[in-house]
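As structure tokens, the structure follows; a few thoughts come after it.
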Amino acid sequence: MRLRMLDHWDNVDVHPVMGQVERGYAGGSVFWRDGSPRGDLAQVRDYGRLLAACGVNAVSVNNVNVHATEARLLTDRLGDVAAIADVLRPYGIRVHLSVTFAAPVVLGGLPTADPLDAEVRAWWATTTRQVYDRVPDFGGYVVKADSEGQPGPFTYGRSHADGANLLADTLAPFQGVVHWRAFVYDHRQDWRDRSTDRARAAFDHFAPLDGRFRPNVVLQVKHGPMDFQAREPVSPVLAAMPATRLAVEVQVTQEYTGQQRHVCYLAPWWSEVLGFAPWGDHRTVAALTAGDAGDGGGLVGVSNVGDDPFWTGHPLAQANLYAFGRLAWNPGLDPAAVLDEWIGLTFPPGPAGGHDLVRRTLHEMLDGSWRTYERYTAPLGVGFMVRPGHHYGPDVDGYEYTPWGTYHFADRDGVGVDRTRASGTGFTGQYPQPWRDVYESLDRCPDQLLLFFHHVPYGHVLRDGSTVIQHIYDTHFAGAEEVAALRRRWDRLDGLLDPGLHARVRERLDEQVRCAEEWRDQVNAYFFRKSGVPDARGRRIP
């Protein structure tokens with residue numbers, strides 16, 4: 001893919017809730033510290049070398065939620081951005097900047113940010129020219145608009161095409177691009193209204209706009225319709241906009257997959273997404289986002305890097321950073337082979353010997369870790385059973401009665417969200433054939449996504465012969481046992497690795513074992529009390 005980009009959700013100022021890095025689990029920012037650029041850019045230089053080795057060629061250096069200080073990077077603090085660009089340039093990495101749609105108001109003193117207003121257009125043109133005067137190879141803008149409190153074109157009765165095209169026109173003379181995020185939904189929903197479905201939102205907002213975006217607009221679409229859950233269907237937007245440049249956005253930082261306290265190698269999940277064929281033929285998501293002539297939107301990941309000595313907090317989470325770059329370079333690579341590449345580069349043979357044991361153990365630990373995580377957390381595609389706010393650890397009803405629109409609808413009779421056309425929200429109708437009918441059908445819907453598309457009785461029988469309730473029990477017990485086995489495998493490497501590295505991973509595995517047991521007990525207890533159905537194997541449920 002031509003565009004291989006990491007988005008940093010880094011704040012210049014320390015945010016009172018999200019800190020220096022929003023959804024960051026590896027220390028502070030590599031770019032910013034306490035309201036200012038880091039004084040020493042040596043780590044940024046090392047980071048550029050690291051990214052070039054992985055295959056990444058673009059970086060957005062600030063949070064998509066653009067706060068007051070971060071907004072000023074576009075104007076009077078542009079020198080800070082230029083300094084980062086100077087350091088990354090030798091590694092072939094172009095710098096991008098997240099901007100607020102309201103910049104003409106908050107920075108330019110204009111009374112409006114209406115994208116059709118002549119003064120607004122002139123302000124953006126002048127400002128963009130000044131950006132390229134300082135950073136001649138500047139990549140472009142990243143925009144989160146009309147989502148979760150961020151300003152956008154809806155304020156002025158305009159469409160997202162109007163908003164994106166305004167910025168695209170100012171960037172076009174310099175070969176810059178606009179990454180316009182499709183993460184737009186109503187986050188003030190009435191939980192009692194089952195006709196409202198957050199999963200529908202991106203398609204409903206953007207599919208009607210296909211063909212109306214400028215050629216240098218990249219619509220950045222989350223890989224699933226919700227929010228980076230451990231299992232979601234592929235977003236239907238990716239098949240709905242053939243006349244628009246599309247980028248797939250994945251989350252390298254492990255917000256919903258263990259926050260770099262858990263081992264969770266995500267490349268197999270990303271590979272499934274990239275290999276998904278919306279029409280059941282040779283046209284895959286990877287092909288759609290690469291473009292016929294390499295002119296597609298590419299792959300974008302939310303960075304998992306911070307200023308931690310191990311870059312990603314959990315040393316084994318580095319595998320996700322490496323795999324992201326490799327799959328962006330070549331989406332057809334085998335995730336297991338990419339894993340072995342990373343192991344070989346990161347743990348070369350040492351004088352102490354035991355290298356074969358190290359390689360074999362790391363492969364065993366990481367290769368199936370995503371499915372292990374899925375087993376002890378949210379079953380059958382239901383998702384979002386996490387503690388609100390920080391999103392770590394289990395809280396089955398944590399989001400069930402909130403305005404965010406993420407519900408499992410468990411009751412005494414069954415669980416799952418009815419998204420069918422026949423009786424539910426109609427979300428299945430956003431897919432082309434054959435998936436439109438596959439997801440609609442209770443018999444044909446893949447079991448791993450069953451509860452995403454259907455509300456079913458606890459006694460519904462899955463393809464392996466077990467019931468939904470028994471599957472919940474079995475997978476949560478199995479997942480916790482698999483995590484305990486991960487820790488035992490790691491203990492075999494004591495004395496074969498750097499002591500500090502071994503201790504850091506062991507500490508994280510201790511926490512993963514504790515948390516997996518908490519997930520197991522809370523989820524199983526919740527559904528036992530809801531259903532009244534005991535575990536067929538007679539295991540203890542608290």
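Quantities reported herein were computed from a predicted structural model and do not represent experimental measurements.
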Which atoms form the tightest heavy-atom contact between T377 and H476, and what is the distance?
-> O-NE2, 2.5 Å
Is NZ or CZ of R194 both nearer than 6.0 Å to the six-membered ring centre of F409 and within 45° of the ring axis?
-> yes
Once the angle between the rings of F527 and Y458 is folded into 0 to 90°, is it parallel (under 30°), tilted (30 to 60°) or perpendicular (over 60°)?
-> perpendicular
Got a salt bridge between E440 and R444, using NZ or NE/NH1/NH2 to carboxylate O under 4.0 Å?
-> no
Looking only at heavy atoms, what is the nearest atom pair of M226 and G405, with distance?
-> CE-O, 3.7 Å
Checking salt bridge (Lys or Arg N to Asp or Glu O under 4.0 Å) for the pair R188/D186: CA distance, chi angles, key distance, verdict?
-> CA-CA 6 Å; R188 295 184 176 89; D186 177 11; 5.9 Å; no
Side-chain contact test, heavy atoms from C-beta onward, threshold under 4.5 Å: evaluate it for Q318 versus Y322 and give yes or no.
-> no
Quick one: are V302 and V64 in side-chain contact, heavy atoms under 4.5 Å?
-> no
Would you say the side chains of Q433 and D437 form a donor-acceptor pair under 3.5 Å?
-> yes
Solution key, residues 517-524 side-chain donor-acceptor pairs under 3.5 Å, sequence neighbours excluded:
residue : atom : partner : partner atom : Å
E518    : OE1  : R514    : NH1          : 3.3
E518    : OE2  : R387    : NH2          : 2.3
N524    : ND2  : R520    : O            : 3.4

Test: D146 and R181 ion pair at under 4.0 Å | no
Is a side-chain donor or acceptor of R4 paired with a backbone partner of G325 at a separation under 3.5 angstrom?
-> no
Do R421 and T428 have a side chain donor and acceptor closer than 3.5 Å?
-> yes
Would you call D114-R158 a salt bridge at under 4.0 Å N-O?
-> yes
Kindly state whether the ring of F452 and the ring of H408 have centres lying under 6.0 angstrom apart.
-> no
Which of parallel (below 30°), tilted (30 to 60°) and perpendicular (above 60°) describes Y185 and H187?
-> perpendicular
Compare every heavy atom of A207 with every heavy atom of A240, then report the nearest pair and how far apart it is.
-> CB-CB, 4.1 Å
May I ask you to check whether H391 and Y256 place their ring centres under 6.0 Å from each other?
-> yes
Verify the neighbour count for atom CG of D193: are there more than 12 heavy atoms of other residues, nucleotides or ligands below 6.0 Å?
-> yes
State whether the side chain of D7 and the backbone N or O of V142 hold a donor-acceptor pair below 3.5 Å, judged by distance alone.
-> no
Test of ring centre spacing under 6.0 Å for Y401 and W191 | yes
Any side-chain donor paired with an acceptor under 3.5 Å for D464 and S466?
-> yes
Taking the side chain from D418 and the backbone from H454, do they hold a donor-acceptor pair closer than 3.5 Å?
-> no
Does the side chain of N63 come under 3.5 Å of the side chain of N11 through a donor N or O and an acceptor N or O?
-> yes
Can you tell me if Q260 uses its side chain to pair, donor with acceptor, with the backbone of N304 under 3.5 Å?
-> yes
Do H262 side-chain atoms and C264 backbone N/O form a donor-acceptor pair below 3.5 Å?
-> no
Is V217 close to V177 at the side-chain level, that is, under 4.5 Å between some pair of heavy atoms?
-> no
Just by distance, with hydrogens left out, do Q512 and Y376 show a side-chain donor and acceptor under 3.5 Å apart?
-> yes
Any side-chain heavy-atom pair of L209 and S159 under 4.5 Å = yes
Within the side chain of T312, is there an N or O that forms a donor-acceptor pair under 3.5 Å with the backbone of V305?
-> no
Within-4.5 Å side-chain heavy-atom neighbours: P534 and Y473 = no
Looking only at atom types and distance, does a side-chain atom of Q229 sit under 3.5 Å from a main-chain N or O of G381, one as donor and one as acceptor?
-> no
Presence of salt bridge, D197 and R419, under 4.0 angstrom = yes
Lys/Arg-Asp/Glu bridge criterion (N-O < 4.0 Å) met for R231, E272 | yes
Any ion pair linking R198 and D227 (charged N to carboxylate O, less than 4.0 Å)?
-> yes
Looking at E255 and K222, does any basic side-chain N land under 4.0 Å from a carboxylate oxygen?
-> no
Take D535 and R537 through the salt bridge (Lys or Arg N to Asp or Glu O under 4.0 Å) test and state the conclusion after the steps.
-> CA-CA 5 Å; D535 173 32; R537 303 178 188 275; 5.2 Å; no
Anything under 30° is parallel, anything over 60° is perpendicular, the rest tilted; go ahead and classify F228 against W9.
-> tilted
Do F206 and H160 make the cut of ring centroids closer than 6.0 angstrom?
-> yes
Does any non-hydrogen side-chain atom of W342 lie less than 4.5 Å from one of L366?
-> yes
N/O donor-acceptor pair under 3.5 Å between S271 side chain and P268 backbone = no
Can you tell if the side chain of Y431 reaches within under 4.5 Å of the side chain of P233, non-hydrogen atoms only?
-> yes
Salt-bridge test for R192 and D190: reply yes if a basic N is under 4.0 Å from a carboxylate O, no otherwise.
-> yes
Are the side chain of D117 and the backbone N or O of V120 linked by a donor-acceptor pair below 3.5 Å?
-> yes
Could you label the plane-to-plane angle of the H179 and H96 rings as parallel, tilted or perpendicular, counting under 30° as parallel and over 60° as perpendicular?
-> perpendicular
Side chain D397, main chain E400, donor-acceptor under 3.5 Å = no
Tell me, do T100 and P151 make a side-chain contact under 4.5 Å, heavy atoms counted?
-> yes
Could you label the plane-to-plane angle of the Y399 and F384 rings as parallel, tilted or perpendicular, counting under 30° as parallel and over 60° as perpendicular?
-> perpendicular
Are R214 and D169 ion-paired here, with the side-chain N under 4.0 Å from a carboxylate O?
-> yes
Compute the centroid of each ring, for F276 and then for W435, and state whether the two points are separated by less than 6.0 Å.
-> yes
